[in-house]
Engineer: 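Have a look at the structure that comes next, please.
Chain naming here is simple, since letters A, B, ... match the order of the sequence lines and numbering starts at 1 in each. All of these numbers come straight from a predicted model, not from anything done at the bench.
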Protein chains: 2
Amino acid sequence: MNNDELEVLVQFVKHQKRVSAGADINRAAESPKYSTLVLEGIACSYKRLAGGGRQIYSFHYPGDFCDLYRYVLPERDKTIAVQALSDCSVATVDYSDIEQLLAGRPKLAQALWRASVMEASILRQRLSNARRGSALQRVADLLCEQLARHEAIGVCSRHVPLSQVDIADAAGLSIVHVNRTIQTLRNLNVLGKTRQAIEVIDRKELGRIAQFNGRYLNMPQLVSNWTVHMEEAEK
Amino acid sequence: MNNDELEVLVQFVKHQKRVSAGADINRAAESPKYSTLVLEGIACSYKRLAGGGRQIYSFHYPGDFCDLYRYVLPERDKTIAVQALSDCSVATVDYSDIEQLLAGRPKLAQALWRASVMEASILRQRLSNARRGSALQRVADLLCEQLARHEAIGVCSRHVPLSQVDIADAAGLSIVHVNRTIQTLRNLNVLGKTRQAIEVIDRKELGRIAQFNGRYLNMPQLVSNWTVHMEEAEK
DNA sequence: CGTGCTGTTGAGGACGATCAATGACGGTGG
DNA sequence: CCACCGTCATTGATCGTCCTCAACAGCACG
C-alpha cells in the first residue's frame, strides 16, 4: 500500500474519539455501520465466556482496524467485542465509504485482505502455542508478539503495557499461573523485577524460550505504519 | 459471489491432479507460483513440530483454496504445509491469473477476502477451545465443525472421515487421550460403537457438549458451493 | 479510610501427557 | 495362501503441569 492509497483512506475517517482503559470500543451485540480504526493505545478483541471469564483473541495496535470482519462477513459473529486495554484514541470509517473506496482501488482492497490473513497467521501461531507449549513458552511468545508489534509501529520500548490478567486471558492460563510464570522469567533475568508493569531485559533469551520466529509477523510493511500519516492528517 | 464471477474463475483452473491420502499437496519450503484449490476429499494445513509431531491448523474442504495466504503475504510463512487427509483431487490457479482476475472484479476479491476472514473465525473458535474446555469439549467441537463443513458443501453424512490421529493433531491432544475421549462419547451414545471410522449418532447432544454455536460458521453461502460448477466445467 | 484492582503466595487435586504393550486390519511380497 | 509389516485403535499405569480455592499485600481511587 503506497501513500496515495493512504491519503484517500484518511479523508474518510470520521468521529475520532477517546476511550479509557477497560472500556468497550464495540459491544458484542452491536452491528454498527462503520468500522473502527485504532489510532493510539492498545485494544483487544475478546469474548465473554460462560463463567464470566474473558478470552482475548487478538490485540489491536495503532493502525489496525479492529472490527473489519464485521464488514466482510454478512452474518457477523455477534459474540465478539472490542475493549481498550490502555487509554485509546479511535476513529471510524463508514461502511459505505469503504465500499466506494475499494471499488476502484484493488491495491487498497488487497491491503485489507492482507491484514486479515495476517490476523489468521497470528491466530495460528497462538493456537500452536496453546497446544504443545508450556506456560513458559506461551507467555514468552505472547510477550515477543507484543514487542514485535510495538516495533512494527516504530515504538521500540521494552515495556509491555499489559496486566497479568490480560496475559492470562490471552494465553488461556489462570492468573495465578501466569504470575508464577512471570516470576520464573524474572528469575531467569529475562524480565525486570519491578512489580508494576512488565519490562523485557533479555530479549534474545525470551525469543529462545518462546521459540519465537518473527517471520510470521511481517507487519512493518503491511498493516501499520500509516498511523503517522493519520495523525498528521488530523491536525 | 454470483455465478458469473465463478465461471470466470473456473476458466483459469489448470493442472488438475489426484493426491492420495497422507501425501503432501504442498511442501513446507515450496514457493509455487500458483494457488491450490481442493476439488474432492479433505486436506489440512499443518506444521511439523520439533519432536516430529504434526500440528493441524485448518481443514480444507472441496471449494477451498488451501494456500491462498501464500499469494497475499509477500514473505510467506514457509513452515506450513498442506497434506491430503483422504484421497483428494486438486487443481491449481496461477498467481498471474488471479491477479488479472481480481483487478476488475471487486466482488471476487471480496469473496476471497471473506474466505480468509472465515478461516480466522475458525481459528479463533479453535483457539477458544484450545485450553479452556475439557478434552471432551474440544473433540466434540472439532466433530461439530466437520459436520457443519460437510453440510456446507451439500454432504449430509454423519460420518467423520478423520482418523483419531488427525483429531489428536488438530485438537492438540495426545492420541491416547483422544481415544479415551471418543470412548466416553460412545458410552454417552453420541458416537456409534464401530471401531473403524467415527459415526455421529446424537448430533444435538454432541453440539450441547461442545457448546457449539455454528453461527461463526456461515459458509454455505460463502466459501464452498462452487465445487459443483467446477466439476461440471471439467467434463 | 474503606473499596477495588493487581500482584503474590500456599496447598490440594484434576486432567491430560507419556511410556509401554497388545489387538485389529489391510497391504505387500514370498 | 500365508507370513510379515505398518498403521490405527485400545488399554493400563505413572507422573507432571496447571487449575482451583483461599488468603493477603500494595497501590490508586473515591
Side-chain angles (χ1 to χ4, degrees), chain A residues 20-23 49-56 83-87 129-140 142-143 159-187 191-199 209, chain B residues 20-23 49-56 83-87 129-142 159-187 191-199 209:
Chain A
S20 50
L49 301 177
R54 178 184 60 164
Q55 164 80 358
I56 293 181
Q83 183 183 33
L85 292 178
S86 66
D87 289 342
N129 267 342
R131 177 204 179 308
R132 300 275 181 187
S134 60
L136 200 65
Q137 273 190 7
R138 270 188 272 175
V139 171
L142 207 55
L143 295 179
H159 265 325
V160 176
L162 299 177
S163 74
Q164 294 186 6
V165 182
D166 296 333
I167 294 176
D169 289 345
L173 293 167
S174 71
I175 308 171
V176 172
H177 207 66
V178 164
N179 180 268
R180 290 187 171 121
T181 306
I182 286 181
Q183 287 177 54
T184 304
L185 287 172
R186 290 213 258 250
N187 287 333
L191 296 185
K193 299 216 164 45
T194 49
R195 288 171 177 278
Q196 232 61 352
I198 298 169
E199 187 194 7
I209 292 172
Chain B
S20 49
L49 300 178
R54 177 184 60 163
Q55 163 80 5
I56 293 182
Q83 183 183 34
L85 292 178
S86 67
D87 289 342
N129 268 342
R131 221 28 153 169
R132 326 260 188 194
S134 58
L136 202 65
Q137 273 190 7
R138 270 188 272 177
V139 171
D141 183 84
L142 206 56
H159 235 36
V160 176
L162 298 178
S163 74
Q164 294 186 6
V165 182
D166 296 333
I167 294 176
D169 289 345
L173 293 167
S174 69
I175 309 172
V176 173
H177 207 66
V178 165
N179 180 266
R180 290 185 170 122
T181 305
I182 286 181
Q183 287 177 54
T184 304
L185 286 171
R186 290 212 257 251
N187 287 334
L191 295 183
K193 299 217 164 44
T194 49
R195 288 172 178 279
Q196 229 65 351
I198 297 169
E199 186 193 6
I209 292 172

Engineer: Please determine whether a side-chain nitrogen or oxygen atom of B:Gln183 lies at a distance below 4.0 Å from atom OP1 or OP2 of D:dA9.
Structural biologist: no
Engineer: Measuring from atom CZ of B:Arg180 to atom OG of B:Ser174, what distance do you get when rounded to the nearest 0.5 angstrom?
Structural biologist: 8.0 Å
Engineer: Identify which nucleotide among C:dG16, D:dC18, D:dT20 has an atom closest to any side-chain atom of B:Arg138, counting heavy atoms from C-beta outward.
Structural biologist: C:dG16
Engineer: With respect to the side chain of A:Val176, which nucleotide from C:dG16, C:dA20, D:dC21 is positioned closest?
Structural biologist: D:dC21
Engineer: Looking at CD of B:Gln164 and OG1 of B:Thr181, how far apart are the two atoms once the value is rounded to the nearest 0.5 Å?
Structural biologist: 9.5 Å
Engineer: Report the distance from atom CD of B:Gln83 to atom P of D:dT7, rounded to the nearest whole Å.
Structural biologist: 12 Å
Engineer: Rounded to whole Å, please give me the gap between CG in A:Asp87 and P in D:dA28.
Structural biologist: 16 Å
Engineer: Which nucleotide wins on minimum distance to the side chain of A:Val165, given the candidates C:dA20, D:dC18, C:dT6?
Structural biologist: C:dT6
Engineer: CD1/B:Ile56 to CD1/B:Ile167 distance, rounded to the nearest 0.5 angstrom?
Structural biologist: 9.5 Å
Engineer: With the side chain of A:Arg180 defined as its heavy atoms from C-beta on, choose the nearest nucleotide among C:dG16, D:dT20, D:dC18.
Structural biologist: D:dT20
Engineer: I want to verify a distance call: between D:dC18, D:dA9, C:dA17, whose nearest atom is closest to the B:Ser163 side chain?
Structural biologist: D:dA9
Engineer: Among the nucleotides D:dC18, D:dA9, C:dG16, which one has an atom lying closest to any side-chain atom of A:Ala135?
Structural biologist: D:dC18
Engineer: Ignoring hydrogens, what is the shortest heavy-atom contact between A:Ser20 and A:Ala84? Give both atom names and the distance.
Structural biologist: O-CB, 3.9 Å
Engineer: Of the listed nucleotides (D:dC18, C:dT6, C:dT8), which one gets closest to any side-chain atom of A:Arg195?
Structural biologist: C:dT8
Engineer: Just to be sure I understand the rule, does B:Gly53 reach a base, reach only the sugar-phosphate, or reach nothing, if contact means heavy atoms closer than 4.0 Å?
Structural biologist: nothing
Engineer: Reckon A:Gln196 has a side-chain N or O less than 4.0 Å from the OP1 or OP2 of D:dA28?
Structural biologist: no
Engineer: Does either side chain, that of A:Ser163 or that of A:Asp166, offer a donor lying less than 3.5 Å from an acceptor on the other one?
Structural biologist: yes
Engineer: Can you tell me how far C1' of C:dT8 sits from CG of A:Asn187, to the nearest Å?
Structural biologist: 13 Å
Engineer: Any side-chain donor paired with an acceptor under 3.5 Å for B:Gln183 and B:Asn187?
Structural biologist: no
Engineer: Can you tell me the distance, in whole Å, between the CD1 atom of A:Ile182 and the C1' atom of D:dC18?
Structural biologist: 15 Å
Engineer: Of the nucleotides D:dT20, D:dT10, C:dG16, which has the atom closest to the B:Ser134 side chain?
Structural biologist: C:dG16
Engineer: Base, sugar-phosphate or nothing for A:Gly172? Non-hydrogen atoms, less than 4.0 Å.
Structural biologist: sugar-phosphate
Engineer: Write down the distance between NE2 (A:His177) and P (D:dC21), rounded to a whole number of angstrom.
Structural biologist: 17 Å
Engineer: Could you tell me the separation between the CG atom of B:Asp169 and the C1' atom of D:dC8, rounded to a whole number of Å?
Structural biologist: 13 Å
Engineer: Need one value for B:Leu173: base, sugar-phosphate or nothing, where a base atom within 4.0 Å counts as base even if backbone is also close, heavy atoms only.
Structural biologist: sugar-phosphate
Engineer: In whole angstrom, give the distance that lies between atom CD1 of B:Ile198 and atom P of D:dT10.
Structural biologist: 9 Å
Engineer: Do any side-chain nitrogens or oxygens of B:Asn179 fall under 4.0 Å of OP1 or OP2 in D:dA9?
Structural biologist: no
Engineer: B:Ile175 has an atom CD1; how far is it from atom C1' of C:dA20, in whole Å?
Structural biologist: 14 Å
